[in-house]
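Reviewing the structure listed below.
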Amino acid sequence: MNFAPALIQALRSARHIAVLTGAGVSAESGLPTFRDVQTGLWSQFRPEDLATPEAFQRNPKLVWDWYAWRRSLVERAQPNPGHLMLAEMERRVPQFTLITQNVDGLHQLAGSRNVIELHGNIRRYKCFDCQAPYALDDADWEAPPRCPHCGGLIRPDVVWFGESLPTQAYWAALEAAQGCDVFFSIGTSGRVEPAASLPRVARRARATVVTINPDVETHSESHSYAIHGKAGEVLPALVRAAWG
Ligand code: APR
């Protein structure tokens, strides 16, 4: 796999690299992306119909069971070379910020340290009403447990459609997009705001922007590179080309 010499030079001289990842980075770990057709039992539902506070209030058990299914997939998944190479990249540059829309925790499992979880984490739980964190043990899987503090229903600690992002996480992501030298957008369809605007913020701040996705055709123009391919294949080649 060949890369533009100017891109390799930009990576080697970068003081701060920021990366935005989406579900495509976890696809090679066997986790379905959001725009893949839902499989099996869940094929009759769209994520937009389940991942909302209204859906949870209307039918807590249905939404709880969907997350139980998704969590079972996450617990069987392992980081893939894309995750591992992002952890390696973090070790090669003075400052590195990994902004993820994914809730599977695979970046942390792969060794990434500075991770901003824009949409929460499916392995964490909290009370729907008072937001108190809740430590789930497997016995609770049958139905949403009740909060010991207020009696509210326990829910996954993820951001649902219509909910706002964790403020601190979003501002940290915005600051990274504004201050980095190179901004990667990897494995995301760029359909959900405000994450989708971060590459534009980086471009306006004159960063080099790199998109990695099987859905794009490889092309480059000044300070903007699109690389056609899977994260698990492109990233190992790119890290090797830049840092040996
Ligand atoms: N490597 C890189 N990209 C890939 C790969 C791969 N192996 N496989 C698929 N892709 C790309 C697809 O081409 C698509 O552009 O990953 C992207 C996945 O897009 P989505 O399914 O829309 O996932 P994402 O962009 O993360 O969705 C953003 O939307 O549903 C909400 O909150 C949810 O965080 C999610 C947000």
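As the structure lists them, so they are numbered: ligands from 1, and atoms in each ligand from 1. Computation of the quantities below employed the complete heavy-atom set of this structure, encompassing side-chain atoms and omitting hydrogens, waters and symmetry-equivalent molecules. Here the structure is a predicted model, which is why all the values come from computation and not from measurement.
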Check: A207 main-chain N/O paired with D181 side-chain donor or acceptor under 3.5 Å: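 No; judged by distance alone, with no hydrogens or angles, the pair does not exist.
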Ligand 1 versus H119: contacting region, heavy-atom distance under 4.0 Å: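 Near ligand 1, H119 shows its side chain, while the N, CA, C and O stay back.
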V192, portion touching ligand 1 at heavy-atom distance under 4.0 Å: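 The answer is the side chain of V192.
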Which of the ligand 1 atoms, numbered from 1, are nearer than 4.0 Å to a heavy atom of [X]:
X	result
T188	15 (O), 16 (O), 17 (C), 24 (P), 25 (O)
E28	1 (N), 6 (C), 7 (N)
G187	2 (C), 3 (N), 16 (O), 17 (C), 18 (C)

V19-V234 co-clustered via ILVMFWY side chain contacts under 4.5 Å: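 Yes, it is one cluster - the side chains of V19 and V234 are joined through contacts under 4.5 Å.
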Within one Ile-Leu-Val-Met-Phe-Trp-Tyr cluster: V159 and I154, side-chain cutoff 4.5 Å: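 No; I154 is not reachable from V159 via cluster members.
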Close side-chain approach of [X] to [Y], heavy-atom, < 4.5 Å:
X	Y	answer
I227	T211	no
C127	Y134	no
I116	L118	yes
L153	Q57	no

Suppose we measure from [atom] to each protein heavy atom; which comes out shortest, and what is that distance?
atom	result
atom 28 (C) of ligand 1	Q101 OE1, 3.3 Å
atom 27 (O) of ligand 1	R35 NH1, 3.0 Å
atom 14 (C) of ligand 1	N213 ND2, 3.9 Å
atom 31 (C) of ligand 1	F161 CZ, 3.7 Å

Close approach of R191 to ligand 1, heavy atoms, under 4.0 angstrom: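 No, R191 has no heavy atom closer than 4.0 Å to ligand 1.
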Heavy-atom nearest neighbour of atom 4 (C) of ligand 1 within options A27, A231, P214, A23: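 Of the listed residues, P214 has the closest heavy atom.
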Candidate with minimal heavy-atom separation from atom 10 (N) of ligand 1, of G24, S26, P32, G22: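 Checking each option, the heavy atom nearest atom 10 (N) of ligand 1 is found in G24.
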Within-cut-off N or O pair, N102 and ligand 1, under 3.5 Å: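 No: no nitrogen or oxygen of N102 is under 3.5 Å from one in ligand 1.
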Backbone or side-chain N or O of K230 under 3.5 Å from ligand 1 N or O: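 Between K230 and ligand 1 (N or O atoms, distance only) the closest approach is not under 3.5 Å.
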Positive for ring pair (Phe, Tyr, Trp, His ring centres under 6.0 Å) with F56, one of W66, Y67, W160, F161: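 Only one option passes, and that is W160.
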Within 6.0 angstrom of R113 CZ, more than 12 heavy atoms from elsewhere: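 Not buried by this count: 12 neighbours or fewer within 6.0 Å.
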